[in-house]
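All remarks here apply to the structure that follows.
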Amino acid sequence: MPEKIDYEARIPNNVNLKDDRRLQRALEGWQPKFLNWWGEMGPTLETHGVYLRTAVSVGREGWAHFDHVNVPDYRWGIFLAERDADRRIAFGEHQGEPVWQQVPGEYRADLQRLIVIQGDTEPASVEQQKLLGLTAPSLYDLRNLFQVNVEEGRHLWAMVYLLHAYFGREGRDEAEALLYRNSGSPDAPRILGAFNEETADWLAFYMFTYFTDRDGKYQLGTLKESAFDPLSRTCEFMLKEEAHHMFVGTTGVDRVVTRSADLIREHDTLDIGPRGGIPLDIIQKYINFHYTVSLDLFGGETSTNAANYYTAGLKGRWQETRRKDDHQLADGSTFLDKPNEDGTWRTDEVQTLLALNLDLRGEYITDCNSGIKRWNKILADAEINFRFALPHVGFNRQVGLHAGHHITPDGTIVDQATWESARHRWLPTDEDLTFVRSLMRPVYERGRIASWVAPPTHGINQKPFDYEYVYLT
Ligand code: BYC
């Protein structure tokens, strides 16, 4: 399998597409539908060139090339990480066998479902972010938005390639449906809840790329372990692109907190809204919202789906090969805190194999805490007496064992009326959202930035902050 990407082809790829005319024709049939979708559901703002990175090879070094690109001409393509000819299945009942280059019949439905769910999230996020280009706080941010969007578009290509290449007619139908469902649509919504929420302002965008893209990192990490080698290889390459998306989130929230801290010090008050900054309690409410809708993306804490995927070798654990156990998980148990109807908590013992979503969520939560730590350090360094925190895992949940319970951010089980009466202190209110939106005015002069966010410490690809990242005329 060549590592070099063929950019001469209509669909750039490193999977020798030209040698499979049927597949090539099928994908070339899907391509104009994708471009139509991009035109209708992709970024609203018209530009004349965005400083974007494009993959040139999938190897360890030098895979990205930077240049100004006219966004609709971006070369979306199919890029799989290099094949390891000796790769063997790392877990489950087929452990030790060579990985699969084709889909085994008995796992076809499950694999297709996992790929469809993964594929559905990618265009959904582009749809959610459609209008953000109209209000970017700087050209640097605008460029990052487009970078994230084109790569999510490419991730859709990654899943569509698998559906077309390995799942026959049903796969092709599913690939069509990925363009048919839309975020927030009452008739044909996206599959997972978080992808039907609005990303209506730039603080929400930073939070989304911090918390929701991070779910992407962990889910892709488990699919990278898959025995189905083409899925594993495509996820491995997607993870490289994903890292930048999370960088946009992490540093985006850093910059909002930094700016708020500066305004608090300058005016000696936490009430910085009138000074054009975002108050810390509103930032905390955004954290509470985006973190909890992202927790829902891990599914139920105990899941026979996840157990079956694992045993079959379809979906592993985070860093499966680094774990020191039998990779079968037939024995072993773990502990799970559950809310009781009477408002108390109990701890149940559950089989490790059934608790794989919980395991993955635990890895994710630890990672999320690293953001909280760095944002608190900004406050501590500014000698501001306020600290962010992740809410309790049961707070504001719609999926899993906490759904239907009313749990406060500190983990107290309360009745519905108590929860509802305090909700405005925990989650963004209409007033908060309206206020944040009122700050969202586009700032498109080179080197300038909106009032509510600090400039980045570094530009992209060693360019300065005042570089013309986007040509608007
Ligand atoms: N919403 O056994 P359960 C990303 C369903 S993000 C709606 O508890 P399971 C990205 C579930 O389908 C990563 N339905 O959970 C980020 C099942 O339905 P059926 C996306 C839900 O199956 C930013 C039933 O409830 N990738 O890449 O172990 C920008 C019982 O399910 C939800 C993936 O998620 C929900 N939140 O786990 C761009 C990887 N949760 O079968 C991109 C692929 C559960 O009874 N997906 N249900 O009809 C999976 O691995 C699993 O499907 C899930 C759910 C982790 C989502």
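Indexing begins at 1, ligand by ligand and atom by atom, following the structure's order.
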May I ask whether [X] places a heavy atom under 4.0 Å from ligand 1?
X	result
Glu301	no
Phe195	yes
Ile191	yes

Around [X], counting heavy atoms of other residues, nucleotides and ligands shown, do more than 12 lie under 6.0 Å from its [atom1]?
X	atom1	result
Gln319	CD	yes
Glu341	CD	no
Glu93	CD	yes
Glu46	CD	no

Does [atom] have a protein non-hydrogen atom under 4.0 Å from it?
atom	result
atom 5 (C) of ligand 1	no
atom 36 (N) of ligand 1	yes
atom 24 (C) of ligand 1	no

Where ligand 1 meets [X] - atom numbers and elements under 4.0 angstrom, heavy-atom basis:
X	value
Gly216	4 (C), 6 (S), 13 (C), 27 (O)
Gly193	1 (N)
Thr121	4 (C), 10 (C), 20 (C), 27 (O), 38 (C), 42 (C)
Ala306	28 (O)
Leu114	43 (C), 46 (N), 49 (C), 50 (O)

Inset, instruction - May I ask you to decide if Val116's main-chain N or O and Asp120's side chain share a donor-acceptor pair within less than 3.5 Å? - result: no
Legend entry - Backbone N/O of Arg53 and side chain of Gln147: donor-acceptor pair under 3.5 Å: yes
Could you identify the single nearest non-hydrogen protein atom to [atom] and state the distance to 0.1 Å?
atom	answer
atom 18 (O) of ligand 1	Arg113 NH2, 3.3 Å
atom 31 (O) of ligand 1	Asn305 ND2, 3.7 Å
atom 26 (N) of ligand 1	Gln118 OE1, 2.7 Å
atom 52 (O) of ligand 1	Ile117 CD1, 3.3 Å
atom 47 (N) of ligand 1	Leu192 CD2, 5.0 Å
atom 40 (N) of ligand 1	Gly299 CA, 3.5 Å
atom 2 (O) of ligand 1	Ser303 OG, 2.7 Å
atom 8 (O) of ligand 1	Gly300 N, 2.6 Å

Legend entry - Tyr210 six-ring face occupied by Arg214 cation (under 6.0 Å, within 45°): yes
Inset, instruction - Please identify each residue that fulfils side chain to side chain contact (heavy atoms under 4.5 Å, CB included) with Met440, with sequence neighbours left out. - result: Thr135, Asp201, Trp202, Val436, Trp452
Inset, instruction - Pick one of side chain, backbone, both or neither for how Glu152 approaches ligand 1, counting any non-hydrogen atom pair under 4.0 Å. - result: side chain
Inset, instruction - With heavy atoms only and a cut-off of under 4.0 Å, state how Lys315 meets ligand 1: side chain, backbone, both or neither. - result: side chain
With only distance considered, is [X] within less than 3.5 Å of ligand 1 through an N or O on each side?
X	answer
Asp296	yes
Asn357	yes
Asp215	no

Inset, instruction - Could you point out which residue of Ile78, Leu27, Leu80 forms a side chain to side chain contact (heavy atoms under 4.5 Å, CB included) with Asn13? - result: Ile78
Inset, instruction - Name the orientation class of the two ring planes belonging to Phe34 and Trp37 (parallel below 30°, tilted from 30 to 60°, perpendicular beyond 60°). - result: tilted
Inset, instruction - Could you tell me whether Tyr74 and Phe146 have their ring centroids closer than 6.0 angstrom? - result: no
Inset, instruction - Check the pair Arg190, Glu127 against salt bridge (charged side-chain N to carboxylate O under 4.0 Å, His left out), reporting the backbone distance first and the verdict last. - result: CA-CA 10 Å; Arg190 293 294 174 184; Glu127 293 165 356; 2.8 Å; yes
Inset, instruction - Find the distance between OH (Tyr291) and CG (Leu390) and round it off to the nearest 0.5 Å. - result: 4.5 Å
Legend entry - Carboxylate-amine/guanidinium proximity below 4.0 Å for Lys224 and Glu242: no
